[in-house]
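Structure record follows, encoded as structure tokens.
Residues take their numbers from the sequence shown, with the count starting at 1. Here the structure is a predicted model, which is why all the values come from computation and not from measurement. We use all heavy atoms of the structure for the numbers below, so side chains are in, but hydrogens, waters and symmetry mates are not.
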Amino acid sequence: MAAAVGRAVGAAYGHGESGAGRGGGFLGPRVPAEVEAMARAVQDVGKEVFRRLLKVAVNALEGKDCKESVKLIAESSNLSEEQLAFLISGMYTLLREALRLPLSTFKQEVFKEDLKELRIPEDFITDFSSVVFGNRRPAPEGTALVQGSRLPSIQDFKWRVDVAISTSSLARALQPSILMMMKLSDGTAHRFEVPVAKFQELRYNVALILKEMNDLEKRSILKIQD
């Protein structure tokens with residue numbers, strides 16, 4: 001029993017693997033293996049047990065300790081250790097990916113259609129939807145998924161062009177370069193030198209990203225509707 005609880009709780013905190021399943025929806029080009037396993041295993045789960053497992057997944061996303069809850073489910077249901085791990089891990093991953101998307105662009109109808117393609121039962125789709133789009137949605141600032149994925153932001157950025165008049169490498173003499181310094185929100189500062197060729201590559205890639213973002217925003221599925 002202890003092993004089952006430990007494995008299921010570990011799964012709830014995202015120790016999953018990516019598979020090669022179908023994709024293209026909010027889960028990305030490849031549906032994670034744990035989500036596909038959950039979609040298969042959930043077919044044999046009753047509604048009451050499903051909702052208790054869903055609550056565990058939500059609590060895990062909020063950074064709460066769910067060992068006791070998983071233990072109670074393991075003791076009161078006929079689910080095996082493997083089934084518990086599949087179900088909780090899959091629910092956690094599915095909700096984590098959905099909650100990362102802004103409600104202004106992520107439509108409930110799209111979410112439900114993606115879950116239907118995974119052959120998740122209709123009643124369970126409604127429960128998933130109430131977590132992502134309803135009043136059961138975890139507060140962003142309180143979720144482990146936001147806290148875990150947040151990176152330091154740039155607070156200050158300075159640059160200047162430098163020309164080396166004398167250097168140990170004749171090939172670099174009188175060649176301009178760009179010196180950059182970034183100060184991040186975590187208090188660290190980073191100084192680095194960028195050759196002109198790399199700077200031009202950076203300019204090109206930024207322009208390419210901006211173009212792709214512009215093309216993406218033109219798609220009807222991402223347009224903000226009143």
Side-chain angles (χ1 to χ4, degrees), residues 4-5 7-62 64 66 69-70 72-74 76-140 143-146 148-149 219-222:
V5 173
R7 183 175 175 184
V9 171
Y13 285 93
H15 299 165
E17 299 175 353
S18 294
R22 60 188 178 277
F26 75 93
L27 289 167
R30 292 171 180 258
V31 176
E34 60 268 30
V35 174
E36 288 201 321
M38 179 273 295
R40 291 191 297 267
V42 81
Q43 307 289 336
D44 301 321
V45 175
K47 194 168 186 177
E48 181 184 350
V49 174
F50 171 82
R51 288 182 170 175
R52 291 171 67 188
L53 291 169
L54 186 62
K55 186 175 181 180
V56 167
V58 173
N59 286 343
L61 285 166
E62 293 176 336
K64 297 177 182 177
C66 18
S69 299
V70 174
L72 290 174
I73 295 172
S76 60
S77 69
N78 59 355
L79 294 173
S80 67
E81 174 185 342
E82 188 176 34
Q83 286 175 311
L84 273 176
F86 283 160
L87 288 163
I88 296 175
S89 176
M91 290 179 183
Y92 180 96
T93 301
L94 187 151
L95 291 174
R96 181 190 63 197
E97 297 305 313
L99 290 168
R100 282 177 173 169
L101 301 173
L103 291 176
S104 59
T105 56
F106 186 38
K107 302 304 178 185
Q108 188 170 357
E109 295 77 15
V110 175
F111 176 73
K112 288 184 175 181
E113 283 301 318
D114 286 347
L115 296 197
K116 284 180 182 178
E117 288 188 10
L118 292 170
R119 298 184 180 180
I120 293 175
E122 190 69 37
D123 286 348
F124 298 165
I125 291 177
T126 300
D127 287 337
F128 275 125
S129 187
S130 69
V131 173
V132 177
F133 298 95
N135 54 13
R136 296 170 65 185
R137 183 182 177 91
T143 58
L145 66 96
V146 173
S149 62
R219 295 185 181 180
S220 59
I221 194 174
L222 293 177

Search all heavy atoms of Lys116 against all heavy atoms of Ile125 and return the closest pair with its distance.
-> CG-CD1, 3.6 Å
Sorted by chain and number, sequence neighbours left out, side-chain hydrogen bond (donor to acceptor under 3.5 Å, both in side chains) with Ser77 holds for none
Please test Leu79 against Leu53 for side chain to side chain contact (heavy atoms under 4.5 Å, CB included), starting from the C-alpha separation and ending with a verdict.
-> CA-CA 11 Å; Leu79 294 173; Leu53 291 169; 4.2 Å; yes
Got a salt bridge between Glu62 and Lys64, using NZ or NE/NH1/NH2 to carboxylate O under 4.0 Å?
-> yes
Tell me, do Arg52 and Leu72 make a side-chain contact under 4.5 Å, heavy atoms counted?
-> yes
Minimum side-chain heavy-atom gap Leu87-Val49 below 4.5 Å = no
Say you draw a straight line from CE of Met91 to CG of Leu61; how long is it, rounded to the nearest 0.5 Å?
-> 12.0 Å
The reported gap from CD in Glu109 to CZ in Phe133 (rounded to nearest 0.5 angstrom) is 8.0 Å
Which heavy atom in Phe26 sits nearest to a heavy atom in Leu94, and how many Å separate them?
-> CE1-O, 3.7 Å
Under 4.5 Å between any side-chain heavy atoms of Val132 and Leu101, yes or no?
-> no
Any side-chain heavy-atom pair of Ile88 and Ile73 under 4.5 Å = no
At what distance, to the nearest 0.5 angstrom, does CG of Leu54 lie from OH of Tyr92?
-> 14.0 Å
For residues 38-46, which side-chain N or O atoms pair as donor and acceptor with protein atoms under 3.5 Å away, sequence neighbours left out?
residue: Gln43; atom: NE2; partner: Ala39; partner atom: O; Å: 3.1
residue: Gln43; atom: NE2; partner: Arg119; partner atom: O; Å: 2.4

Qualifying residues under side-chain hydrogen bond (donor to acceptor under 3.5 Å, both in side chains), relative to Ser69, sequence neighbours excluded | none
Kindly compute the distance separating CD (Glu122) from CG (Asp127), expressed to the nearest 0.5 Å.
-> 11.0 Å
Identify, with sequence neighbours excluded, every residue that meets side-chain hydrogen bond (donor to acceptor under 3.5 Å, both in side chains) alongside Thr126.
-> none
With Gln108, which residues qualify under side-chain hydrogen bond (donor to acceptor under 3.5 Å, both in side chains), at least two apart?
-> Ser129
With sequence neighbours excluded, residues passing ring pair (Phe, Tyr, Trp, His ring centres under 6.0 Å) with Phe50 | Phe124, Phe128
